[in-house]
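Just so you know, ligand 1 is whichever comes first in the structure, and atom 1 is the first atom listed for that ligand.
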Amino acid sequence: MTKSAQSILVTGGAGFIGSHLVDRLLKEGNRVTVMDNFNGFYAPETKRENVSAHLNNPAYSLMEGDLRNVDDVRKIFSLGPYDVVVHLAAMAGVLPSLQNPSLYMDVNVVGTQRLLDEINKQPKVPYLVFCSSSSVYGERSTEKFSETDQTDRPLSPYAASKIAAEVACFAAYRTTGLQVVCIRPFTVFGPRQRPDLAIHKFCHLIENGDPIELYGDGTSKRDYTFVGDIVAGIVSAVNLRLQGFEVINLGRSNPVTLLEMIHSIEKALGKSAQITKRPMQIGDVPYTYADIDKARRLLGYEPMTSFDEGIAEFVKWFRYKLTLSAK
Ligand code: NAD
């Protein structure tokens, strides 16, 4: 899907998914501006490493700023104009959101609204790709999750903030005609994955011979999706400029149980896990399964990376980081 070079603002472009997206957008010859506040949700140094390869590219600009700050948001638009805004900046994570719900609402809902306000003030209004989440689907135990399913019964403040931000995007579309695609990624994994996420945490513990905590009986299922596939879906959304307002799942559509996930990590590391069983945690959903027919139809999306291939890629990166930190 080639397109002439565009000027693209990526919020949260120093994070896990954002830095992979920036890799790809720069490779395709676009001009990319990133806004990120390098917050301490996990080590800011990790985010600095994520952007280090971008800094020497003349087509790349980085502004450290906070979405909650009106002046920062204004300033980032003064560095435009932008053809497209990809809004990934957020407080991510289901379980941490239980500790500080208001922070999640401030960043993910009010922050998104600030961005919408500023987008709509631009003389040439850019097109918006907003990153929502599969967590908006709440608790389900069967069937694929489809974009038309009910989404007003979230299980966590994080999920509530994501569906609220989607609704804010819809209101902007209806009142100002802003063109918006809301993508709903399903548990994303791969190199640079956030350290708070299960695959990364488990890898660390199994590598060190420490016990891992298994919540529930190990049969909970997640539709883990490789970051390269998610990025391909976002890039299609950027390039295709869908008209109106659309919500699109991006998943692998092939859920994996928690026990299968652990076995795949064991195989890739060549080590066995010591398992401590714990009850299911509040806020965590037991099952996710993406219906990706709409993504196939509208974006030409097709997940290419199997779970085991993705885990092998993650472990390769994980071990490489270990050798660097040992030096
Ligand atoms: P991440 O934490 O690595 O990236 C988010 C980035 O946003 C970080 O670099 C952070 O510093 C920045 N940020 C946070 N608050 C900010 C603020 N107030 N102002 C400016 N920048 C701010 O997380 P990620 O896993 O890369 O997630 C990216 C997006 O994808 C998020 O919107 C997240 O909700 C969504 N998402 C992630 C997953 C997943 O499995 N990783 C699944 C579904 C949706």
When you measure from the heavy atoms of [X] to every atom of ligand 1, does any distance fall below 4.0 Å?
X	result
Gly65	yes
Gln193	no
Ser134	no
Cys131	yes
Tyr42	yes

How close does the nearest protein non-hydrogen atom get to [atom], and which residue and atom is it?
atom	answer
atom 15 (N) of ligand 1	Asn39 ND2, 3.4 Å
atom 27 (O) of ligand 1	Ile17 CD1, 4.0 Å
atom 19 (N) of ligand 1	Leu67 N, 3.0 Å
atom 18 (N) of ligand 1	Asp66 OD1, 2.9 Å
atom 8 (C) of ligand 1	Asp36 OD2, 3.5 Å
atom 5 (C) of ligand 1	Ala90 O, 3.9 Å
atom 44 (C) of ligand 1	Ser132 O, 3.2 Å
atom 40 (O) of ligand 1	Val188 N, 2.8 Å

Check the angle between the aromatic planes of Tyr287 and Tyr289 and answer parallel, tilted or perpendicular using the 30° and 60° thresholds.
->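 The arrangement is perpendicular - the two ring planes meet at more than 60°.
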Which of the atoms in ligand 1, numbered in the order shown and given with their element, are less than 4.0 Å from a heavy-atom of [X]?
X	result
Val107	15 (N), 18 (N)
Ala14	9 (O)
Phe38	11 (O)
Gly15	3 (O), 4 (O), 9 (O)

Identified side chain to side chain contact (heavy atoms under 4.5 Å, CB included) partner of Cys131 from the options Ile230, Ile183, Val188 =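 The passing option is Ile183.
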Could you tell me whether [X] and [Y] make a salt bridge, using a distance below 4.0 angstrom between a side-chain N and a carboxylate O?
X	Y	value
Lys75	Asp72	no
Lys267	Asp308	yes
Lys294	Glu147	no
Asp83	Lys124	yes

Could you see which bit of Asn37 sits under 4.0 Å from ligand 1, with heavy atoms only: side chain, backbone, both or neither?
->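 Contact part for Asn37 vs ligand 1: both backbone and side chain.
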Using heavy atoms and a threshold below 4.0 Å, how should the contact between Phe189 and ligand 1 be classified: side chain, backbone, both, or neither?
->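 For Phe189, no heavy atom sits under 4.0 Å from ligand 1.
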Is atom NZ of Lys316 surrounded by more than 12 heavy atoms (other residues, nucleotides or ligands) closer than 6.0 Å?
->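 No - once you tally the heavy atoms of other residues, nucleotides and ligands closer than 6.0 Å, there are 12 at most.
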Can you find an N/O atom of [X] closer than 3.5 Å to an N/O atom of ligand 1?
X	result
Thr187	no
Phe16	yes
Ala89	no
Leu88	yes
Gly18	no

Please report the C-alpha distance between Phe77 and Lys121 in whole Å, then the side-chain angles of each, then the deciding distance to 0.1 Å, and finally whether the side-chain contact (heavy atoms from CB on, under 4.5 Å) criterion is met.
-> CA-CA 10 Å; Phe77 279 90; Lys121 283 186 202 149; over 6 Å; no
Ring center gap for Phe314 and Phe226 short of 6.0 angstrom =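 Not close enough - the centres of the two rings lie 6.0 Å or further apart.
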Derivation and outcome, salt bridge (Lys or Arg N to Asp or Glu O under 4.0 Å), residues Asp117 and Arg114 = CA-CA 5 Å; Asp117 292 350; Arg114 291 218 191 300; 5.4 Å; no
Answer yes if the side chains of Asp23 and His54 hold a donor-acceptor pair under 3.5 Å, and no otherwise.
->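 His54 and Asp23 do have a side-chain donor-acceptor pair below 3.5 Å.
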Verify whether one side chain among Glu260 and His263 offers a donor that lies under 3.5 Å from an acceptor in the other.
->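 No - no donor-acceptor pair under 3.5 Å links their side chains.
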Cluster check Ile17, Phe186: I/L/V/M/F/W/Y, side chain < 4.5 angstrom |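 No: no chain of side-chain contacts under 4.5 Å links Ile17 to Phe186.
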Step-by-step salt bridge (Lys or Arg N to Asp or Glu O under 4.0 Å) determination, Glu28 to Arg24 = CA-CA 6 Å; Glu28 294 189 357; Arg24 173 86 185 261; 2.8 Å; yes
